[in-house]
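Worksheet: the structure to be examined is printed underneath.
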Amino acid sequence: MANSLVTEFTSVKDIYSAAASSEQECRYRSLVKTFFQTYGKPPQFIARAPGRVNIIGEHIDYCGFGVLPMGIEKDVIAAVYVADEALPGETILSLANTQPDVYFKREVQFLGLDQGIVEIDAARHEWYNYCSAGFKGVLETLGTKAPRKMLCVVDGTVPGGGGLSSSSALVCCISIATMHAQGGKLSAEQLALLAVASERYVGVNGGGMDQVCSMMAKKDEALFIEFSPVLSATSVPIPLADPPISFVIANSLVVSDKATTAPFCYNLRVAETRIAASLMAHHLNVYDQVGVTPTLEDVVAAYSKTLEYPEIESSIDRAIFSLEVVIKALRRGLNYHEEGYTLTQVCEALDASEAAVTKSYLTEYPIKTDVFHLYKRAYHVLTEAQRVLQFRHLCDNAGEKLSKNIAQSLGDLMNASQNSCKALYNCSCPELDELVKLCRLNGALGSRLTGAGWGGCTISLVLQPQVNDFIQALQKSYYSKSTDEEFISAVFATHPAQGAGLMKNLEHYL
């Protein structure tokens, strides 16, 4: 993946669909007006980063496997004014936002130390922590000793806690704004990796899919994002269908706060997959090749070098075959332990002391648990990695027209993903289960949770002529007690949308 500059937009038409451009013009104009009312001067530029929806490939990015997300039109935008260099102890970043019902309307000031270091209290689960994380990451990467002061007003349309990566969009947006304000020349790829690291300042051990997709997404294309051996993003055009297909996002209205639940949800899953990978490395006799705390992808990659492939030429087919072999080995080599492994049992399985296991797997990020479900987590990750490759293979080989039979095959993979997320990874919830059920009953060829889970949104593959009826059916069933305004923001059809960038010429909005 060659490095590329951050995209510069000259008009909202460069970013949004024709149907959405008029509404977005009003939104950008309103943001500039709010900025002037807040700071008494106009902004100099606007940074933007979209949310993303993961079509398939849940909880496998931090295990090293490829995923298949796409950008969405819902996004975070930030109007920015850059002042002179800040003196030691002065305010270096000032933030306000436009949405009291989402972020609480307030102005927040972050004070820099002598080297421009920003302190982040990860125990305080506030929206502005994600802003300061992006700001801090760029300053430290650039080595900025005397940063220029930044005044910002933020506006977002990505539902918070909805599994559409609102937090990562916020980090990416402020990272782009800071890079431009401080005169940096980081590429989109560098900023994506920087944003991955920056978000960990707020205590979430993410894998990188959200930030890479937000930065690198393209119109009308999904992205097959790989993390091993190096970061790469390959365009996967969503093929034409007869009838055409759409993706419909539906919010369960259960808010999933990753920062709050991470110790017993997200961070715990990362630890469980790492422990499972170490056990599998021992079982497959590749531990010397992968070292301490490998990912499951590390184990598969090392073991695949020992395999003989039966006349398989396609790299995707070879990868699917390798995964199948390791899945069979998993069944033989890792005890199921229906009730989970205790820490003592983990230590026994790894032949390691409790102190060594704790240091290797349980101290980098907060974790709270009495048991570790190793087999179920590993089985989900390996089979989900297969489903991503199968989905991509179907898209790559669909030709100019995607038949309804192939569309149903794509939907079947999405359904299998949901079943695995629910039963093996335990990252669904009753509301998501009910919403998925209703989506399938009302015509979705496939429906699954998207994002980390434990709340948030579903994504459904729906034939385009049925979209309106599908959405109306959900309104009458799942959203019967919601207001019209809540429903409109909760359910929407989408298509692969443009990734992050900058708009420098704001004369049209002043």
Side-chain angles (χ1 to χ4, degrees), residues 7 9 12 15-17 20 23-24 27 31 46-58 61 67-78 97-99 102-103 127 130-131 133-134 154-177 188 191-192 195-196 198-199 202 204 206-223 225 233 246-259 448-453 455-460 488-501:
T7 303
F9 307 115
V12 296
I15 307 170
Y16 307 98
S17 64
E23 180 181 352
Q24 292 298 332
R27 179 182 170 219
L31 175 65
I46 292 175
R48 173 201 180 258
R52 65 96 190 94
V53 62
N54 193 22
I55 301 173
I56 193 166
E58 223 57 76
D61 55 339
V67 291
L68 197 70
M70 66 185 192
I72 60 175
E73 285 193 325
K74 291 185 179 295
D75 58 13
V76 172
I77 57 177
N97 70 73
T98 64
Q99 298 161 289
V102 178
Y103 297 129
W127 70 275
Y130 295 98
C131 297
V154 177
D155 178 86
T157 57
V158 188
L164 300 179
S165 199
S166 59
S167 57
S168 295
L170 198 51
V171 173
C172 289
C173 182
I174 298 301
S175 296
I176 292 172
L191 277 168
V196 174
S198 296
E199 195 161 340
V202 298
V204 179
M209 168 183 63
D210 300 349
Q211 299 86 349
V212 172
C213 186
S214 184
M215 289 286 189
M216 309 294 298
K218 301 294 183 185
K219 282 184 177 181
D220 302 320
E221 297 176 352
L223 284 181
I225 302 174
S246 289
F247 294 101
V248 179
I249 311 301
N251 195 328
S252 70
L253 305 181
V254 176
V255 176
S256 175
D257 185 343
K258 286 194 297 184
R448 58 180 293 277
L449 67 83
T450 185
C457 293
T458 62
I459 179 171
S460 298
I488 290 172
S489 63
V491 184
F492 58 94
T494 189
H495 63 281
Q498 178 62 47

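Residue numbers run from 1 in the order of the sequence given. This is a predicted model, so every value here is computed, not measured. These values consider heavy atoms only, across backbone and side chains, with no hydrogens, waters or symmetry-generated copies.
- Here the closest non-hydrogen pair linking C172 and A195 is SG-CB, 3.9 Å.
- I46 contributes atom CD1, which lies 5.5 Å from atom CD1 of I77 (distance to the nearest 0.5 angstrom).
- Here F492 contributes atom CZ and T157 contributes atom OG1; the two are 8.5 Å apart, rounded to the nearest 0.5 Å.
- Using a 4.5 Å cut-off on side-chain heavy atoms (C-beta onward), I459 and N54 make no contact.
- In this structure, S214 contributes its side chain and P50 its backbone to a donor-acceptor pair below 3.5 Å.
- Within the 4.5 Å cutoff, side-chain heavy atoms of C131 are placed close to those of L170.
- Of the possible donor and acceptor atoms, none in the side chain of E73 sits under 3.5 Å from a partner among the backbone N and O of A497.
- Taking NZ of K218 as the reference point, atom SG of C213 lies at 11.5 Å (rounded to 0.5 Å).
- Taken to the nearest 0.5 Å, the CD atom of E221 stands 9.5 Å off from the CD atom of Q498.
- Counting heavy atoms from C-beta on, the side chains of Q211 and V171 never come closer than 4.5 Å.
- Annotation: side chain of R52 is not in contact with side chain of V212 (no heavy-atom distance under 4.5 Å).
- Counting heavy atoms from C-beta on, the side chains of M209 and S165 never come closer than 4.5 Å.
- In this structure, D155 CG and D75 CG are separated by 8.0 Å, a value rounded to the nearest 0.5 Å.
- Here the closest non-hydrogen pair linking A47 and I176 is CB-CG2, 4.2 Å.
- What you find for A500 and T7 is that their closest heavy atoms are O-CB, 3.8 Å.
- In this structure, the side chains of K74 and T494 stay at 4.5 Å or more apart for every pair of heavy atoms.
- Residues V202 and Y130 meet the side-chain proximity criterion, which asks for heavy atoms closer than 4.5 Å.
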(request) Evaluate the criterion side-chain contact (heavy atoms from CB on, under 4.5 Å) for residue pair R48 and I15; output intermediate values, then yes/no. (result) CA-CA 10 Å; R48 173 201 180 258; I15 307 170; 3.2 Å; yes

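- Across all non-hydrogen atoms, the minimal contact from V158 to G51 is CG2-N, 3.8 Å.
- Summarising the geometry of G208 relative to V196, their closest heavy-atom pair is CA-CG2, 3.5 Å, with the distance given to 0.1 Å.
- The CD1 atom of I249 sits 6.5 Å away from atom SG of C457, with the distance rounded to the nearest 0.5 Å.
- At a threshold of 4.5 Å between non-hydrogen side-chain atoms, the residues M70 and F247 count as touching.
- In this structure, P69 and I225 approach most closely via the heavy-atom pair CG-CD1, 3.8 Å.
- Under the 3.5 Å distance criterion, the side-chain polar atoms of D210 are left unmatched by any main-chain donor or acceptor of S168.
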